[in-house]
A.B. asks: 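Right, I'll just put the structure down here and ask away after.
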Amino acid sequence: MHKHVFRGFAVMGSLVMAWVGGIPLGAQVSGEIPFRKHVLDLGSNETCAVADLNADGRLDIVSGENWYEAPSWRKHRFRSFPTINNYIDNFSDLPLDVDGDGRIDLISVSYMSRKMTWFHNPGKPGGDWPEAVIDSGAPVEFALLVDIDNDGRASELLPQFGGAENGTAWYEVIGKPGSHSWVKHQVAEKSFGHGIGAGDVDGDGRNDILTPKGWLKAPEDPRIGAWEYRAEYDTEERAGFLYVHDVNADGINDIVTSMAHDYGIFWLEQASSKSAAQRWTKHLIDDAWSQAHAMTMVDLTGDGHPELVSGKRLFAHNGHDKGGREVLGLYWYEQTPPETGSWVRHIIHYGGRVGAGMQIPVVDLDGDGDRDVVVAGKGGVFLFENLSSDQQKSPERR
């Protein structure tokens, strides 16, 4: 793999490109993380997820119609989706033991087929997994598993419905093994556009729902209470995933998000002492590339602070978006120093077929103590093995 040393940092709300000598005084910049690229599949996909599907103690990878068995990544076809207008009609894969039988199932959402379904893991190889409908009638651009009931588990389904008339809702599965059902909880009569997320915006200990046009304050009981809509900010364009994170460590939670079909990754700074109309200030992280549809916030360096992992989605709208035909890239961003508004961009991969589609799992796949990155898109499915732990070993153990 090529080693990249080109970096950038955010100053006064814009990303200024610089070599190492231009890093602000006092900033501690991490070195480039060494990654080894593994090509799992060159077929067109949009999603990828990680879970132990065959209960062998190893994390497997799922993308589209196939899952890839660790550690050899042997491909198993286990379901089928239609391809419509150059998209495989599968826009999120979310691992969850839906029926409580101890096996990890998969929740999937579609836009063109207008449904959310789950695929039952039969626990034996071969054949298609049985599919069951969770809900139908509305196009779903993507969905997340989040902790809406504040029990410490991200097991509630939060879809981003297309069309304002389809509302905003979350879903939970209730019941016991062999007897379960999905329950829909409507929180608003309309949806608020492209983008969704969940997190504790106001610091009251309850996870709220984030939209691109404001946030919905969670009631004490998220199942029966009224969710209060607060139109305090506007991302102005179609957002991607929305994360709650105290970026500047002032004790007040902020929001990190991206433009899914345009240029720009940014964060919204919250200042509680100001009025609602002045509470949020937008700060640019990077606008050098477009279509950062998916992102993940995770501690990639092991320093106790979350980094941001994102990448350019290949032909999110068949190449018609701003910058849609420009070079693909996969990146991670760190704050320098941590808990400030300055960000450094690091390159995982640049050029070729590798981009980031609708999901970016960042987990320790091989159990060596560092986190690996999986991406899928119309260019294929790729695993980037983090080699940090290998470099730390003594030469005789390599």
A.B. asks: Taking C-beta and beyond as the side chain, do Asn253 and Val201 meet within less than 4.5 Å on heavy atoms?
C.D. replies: no

A.B. asks: Quick check: do Asp60 and Asn54 have side-chain heavy atoms less than 4.5 Å from each other?
C.D. replies: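 In short, these two side chains touch, coming nearer than 4.5 Å.
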
A.B. asks: Would you confirm whether the ring centroid of Trp215 sits within less than 6.0 angstrom of the ring centroid of Tyr233?
C.D. replies: no

A.B. asks: Compare every heavy atom of Met358 with every heavy atom of Phe241, then report the nearest pair and how far apart it is.
C.D. replies: CZ-O, 3.2 Å

A.B. asks: Would you check if the side chain of Asp299 reaches a backbone N or O of Pro306 as a donor-acceptor pair within less than 3.5 Å?
C.D. replies: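 Judged by distance alone, no pair lies under 3.5 Å.
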
A.B. asks: For Asn121 versus Arg103, what's the shortest heavy-atom pair and its separation?
C.D. replies: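 Closest approach of Asn121 to Arg103: O-NE, 2.9 Å.
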
A.B. asks: Any sub-3.5 Å donor-acceptor pair from Asp254's side-chain atoms to Asp246's backbone N or O?
C.D. replies: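 Not a single qualifying donor-acceptor pair exists.
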
A.B. asks: Between His194 and Glu141, is there a side-chain donor-acceptor contact under 3.5 Å, judged purely by atom types and distance?
C.D. replies: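 Yes, because at least one side-chain N or O of Glu141 sits under 3.5 Å from a partner of the opposite role on His194.
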
A.B. asks: Report yes or no: does Asn150 contribute a side-chain atom to a donor-acceptor pair with the main-chain N or O of Ile148 at less than 3.5 Å?
C.D. replies: yes

A.B. asks: Would you say the side-chain atoms of Asp147 pair up with the backbone N or O of Gly152, donor to acceptor, closer than 3.5 Å?
C.D. replies: yes

A.B. asks: Could you check, using the six-membered ring where one of them is a Trp, whether Phe142 and Tyr111 have ring centers closer than 6.0 angstrom?
C.D. replies: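 Ring centroids of Phe142 and Tyr111 are no less than 6.0 Å from each other.
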
A.B. asks: Could you tell me if the ring centre of His38 sits under 6.0 Å from that of Tyr68?
C.D. replies: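 Aromatic pair excluded; centres sit 6.0 Å or further apart.
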
A.B. asks: May I ask you to check whether Glu232 and Trp280 show a side-chain donor-acceptor distance below 3.5 Å?
C.D. replies: yes

A.B. asks: Taking the side chain as every heavy atom from C-beta outward, state whether Val98 and His180 have any atom pair closer than 4.5 Å.
C.D. replies: yes

A.B. asks: Output, in order, the C-alpha distance, side-chain angles, deciding distance and verdict of ring pair (Phe, Tyr, Trp, His ring centres under 6.0 Å) for His349 and Phe384.
C.D. replies: CA-CA 9 Å; His349 192 276; Phe384 286 87; 5.7 Å; yes

A.B. asks: Applying the 4.5 Å side-chain criterion to the ILVMFWY set and letting contacts propagate, would Ile196 and Val256 be lumped into a single cluster?
C.D. replies: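 Yes; tracing contacts between hydrophobic side chains, which count when under 4.5 Å, links both residues.
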
A.B. asks: Salt bridge check, Arg58 against Asp366: does any charged N sit closer than 4.0 Å to a carboxylate O?
C.D. replies: no

A.B. asks: How close do Gly163 and Ser191 get, heavy atom to heavy atom, and via which atoms?
C.D. replies: O-OG, 2.9 Å

A.B. asks: Quick check for you: to the nearest 0.5 Å, what is the distance between Asp321 atom CG and Glu326 atom CD?
C.D. replies: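 Here the rounded value is 11.0 Å.
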
A.B. asks: Verify whether the ring centers belonging to Trp227 and His185 lie closer than 6.0 Å.
C.D. replies: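 Aromatic pair excluded; centres sit 6.0 Å or further apart.
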
A.B. asks: Test your reading of the model: is there a side-chain donor-acceptor pair from Thr168 to the backbone of Lys190, 3.5 Å cut-off?
C.D. replies: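 Side chain of Thr168 to backbone of Lys190: a pair is present.
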
A.B. asks: Would Asn248 and Glu269 count as having a side-chain donor-acceptor pair, cut-off 3.5 Å?
C.D. replies: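 Indeed, the side chains of Asn248 and Glu269 share at least one donor-acceptor pair under 3.5 Å.
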
A.B. asks: Can you give me every donor-acceptor pair (side chain of residues 125-140, partner residue at least two apart or in another chain, under 3.5 Å) with its distance?
C.D. replies:
from   : atom 1 : to     : atom 2 : distance (Å)
Glu131 : OE2    : Lys115 : NZ     : 3.4
Glu131 : OE2    : Thr117 : OG1    : 3.2
Asp135 : OD2    : Tyr171 : OH     : 2.5

A.B. asks: Return yes if a side-chain donor-acceptor contact under 3.5 Å exists between His305 and Gln335, otherwise no.
C.D. replies: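 Looking only at side-chain atoms, Gln335 and His305 do not form any donor-acceptor pair under 3.5 Å.
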
A.B. asks: Quick one: do the Ser290 and Lys312 side chains pair a donor with an acceptor below 3.5 Å?
C.D. replies: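 There is such a pair (donor and acceptor under 3.5 Å, judged by atom type) between the side chains of Ser290 and Lys312.
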
A.B. asks: Looking at Glu220 and Arg206, is any side-chain nitrogen of the basic one under 4.0 Å from a carboxylate oxygen of the acidic one?
C.D. replies: no

A.B. asks: Using only heavy-atom distances, determine whether the side chains of Glu307 and Thr301 contain a donor-acceptor pair under 3.5 Å.
C.D. replies: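 Yes, a side-chain donor-acceptor pair sits under 3.5 Å.
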
A.B. asks: For Ser108 and Phe119, work out which heavy atoms get closest and say how close.
C.D. replies: OG-CE1, 3.8 Å

A.B. asks: Starting at CG of Asp41, measure out to SG of Cys48 and round the result to the nearest 0.5 Å.
C.D. replies: 12.0 Å

A.B. asks: Looking at Ala218 and Asp208, what are the two nearest heavy atoms and their distance?
C.D. replies: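 Closest approach of Ala218 to Asp208, heavy atoms only: N-OD1, 2.8 Å.
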
A.B. asks: Enumerate the residue pairs fulfilling ring pair (Phe, Tyr, Trp, His ring centres under 6.0 Å) with a member in residues 148-167, sequence neighbours excluded, ordered by first and then second residue.
C.D. replies: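 Passing the test, one end in residues 148-167: no pairs.
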
A.B. asks: Honestly curious: do Leu40 and Trp67 fall in one hydrophobic cluster under the side-chain, below-4.5 Å linking rule?
C.D. replies: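 They do not share one cluster, since no chain of ILVMFWY contacts under 4.5 Å joins Leu40 to Trp67.
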
A.B. asks: Ignoring hydrogens and geometry, is there a side-chain-to-backbone donor-acceptor pair from Thr257 to Ala239 under 3.5 Å?
C.D. replies: no

A.B. asks: More than 12 heavy atoms of other residues, nucleotides or ligands under 6.0 Å from CZ of Arg223: yes or no?
C.D. replies: yes

A.B. asks: For Phe315 and Tyr87, I'd like to know if the aromatic rings sit close, meaning centre-to-centre distance below 6.0 Å.
C.D. replies: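 Ring-ring flag for Phe315/Tyr87: false, centres at least 6.0 Å apart.
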
A.B. asks: How far apart are the closest heavy atoms of Ala292 and Ser310, and which atoms are they?
C.D. replies: CB-OG, 3.5 Å

A.B. asks: Determine, using the 4.5 Å side-chain heavy-atom cutoff (strictly less than), whether Leu268 and Leu242 are members of one ILVMFWY cluster.
C.D. replies: yes

A.B. asks: Closer than 4.0 angstrom, basic N to acidic O: yes or no for Arg36 and Glu385?
C.D. replies: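 Yes, this pair counts.
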
A.B. asks: Out of curiosity, does Val187 fall in the hydrophobic cluster containing Leu157 (side-chain heavy atoms, cut-off under 4.5 Å, transitive links)?
C.D. replies: yes

A.B. asks: Donor-acceptor pair, distance only, cut-off 3.5 Å: does the side chain of Asn45 make one with the backbone of Gly377?
C.D. replies: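 Checked: no pair found.
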
A.B. asks: My understanding is that only one of Asp93, Asp89, Asp105 makes a salt bridge (charged side-chain N to carboxylate O under 4.0 Å, His left out) with Arg79; could you say which?
C.D. replies: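 It is Asp93; the other options fail the test.
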
A.B. asks: Return yes if some donor-acceptor pair links the side-chain N/O of Thr211 with the main-chain N/O of Gly214 below 3.5 Å, else return no.
C.D. replies: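 Yes: the side chain of Thr211 pairs with the backbone of Gly214.
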
A.B. asks: Quick one: do the His261 and Gln291 side chains pair a donor with an acceptor below 3.5 Å?
C.D. replies: no

A.B. asks: If I take atom NE2 from residue His76 and atom CD from residue Glu65, how far apart are they, to the nearest 0.5 angstrom?
C.D. replies: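 If we round to the nearest 0.5 Å, His76:NE2 and Glu65:CD are 15.5 Å apart.
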
A.B. asks: Report yes or no: does Gln160 contribute a side-chain atom to a donor-acceptor pair with the main-chain N or O of Gly195 at less than 3.5 Å?
C.D. replies: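 Checked: pair present.
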
A.B. asks: Does His346 reach the side chain of Ile348, with side-chain heavy atoms less than 4.5 Å apart?
C.D. replies: no

A.B. asks: Before giving the answer on side-chain hydrogen bond (donor to acceptor under 3.5 Å, both in side chains), spell out for His120 and Asp99 the whole-Å C-alpha distance, their side-chain angles and the decisive distance to 0.1 Å.
C.D. replies: CA-CA 8 Å; His120 171 67; Asp99 54 1; 2.9 Å; yes

A.B. asks: Do the side chain of Asp368 and the main chain of Asp370 share a donor and acceptor less than 3.5 angstrom apart?
C.D. replies: yes

A.B. asks: Same hydrophobic cluster for Val362 and Val354, using side-chain heavy-atom links shorter than 4.5 Å among ILVMFWY?
C.D. replies: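 In one cluster: yes.
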
A.B. asks: Is any side-chain N of the basic residue among Asp262 and Lys322 closer than 4.0 Å to the acidic one's carboxylate O?
C.D. replies: yes

A.B. asks: With respect to Asp286, which candidate in Trp343, Tyr333, Tyr263 satisfies the side chain to side chain donor-acceptor pair (under 3.5 Å) definition?
C.D. replies: Tyr333

A.B. asks: Please indicate whether Glu189 has more than 12 foreign heavy atoms, meaning atoms of other residues, nucleotides or ligands, lying under 6.0 Å from its CD.
C.D. replies: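 Not more than 12 within 6.0 Å, no.
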
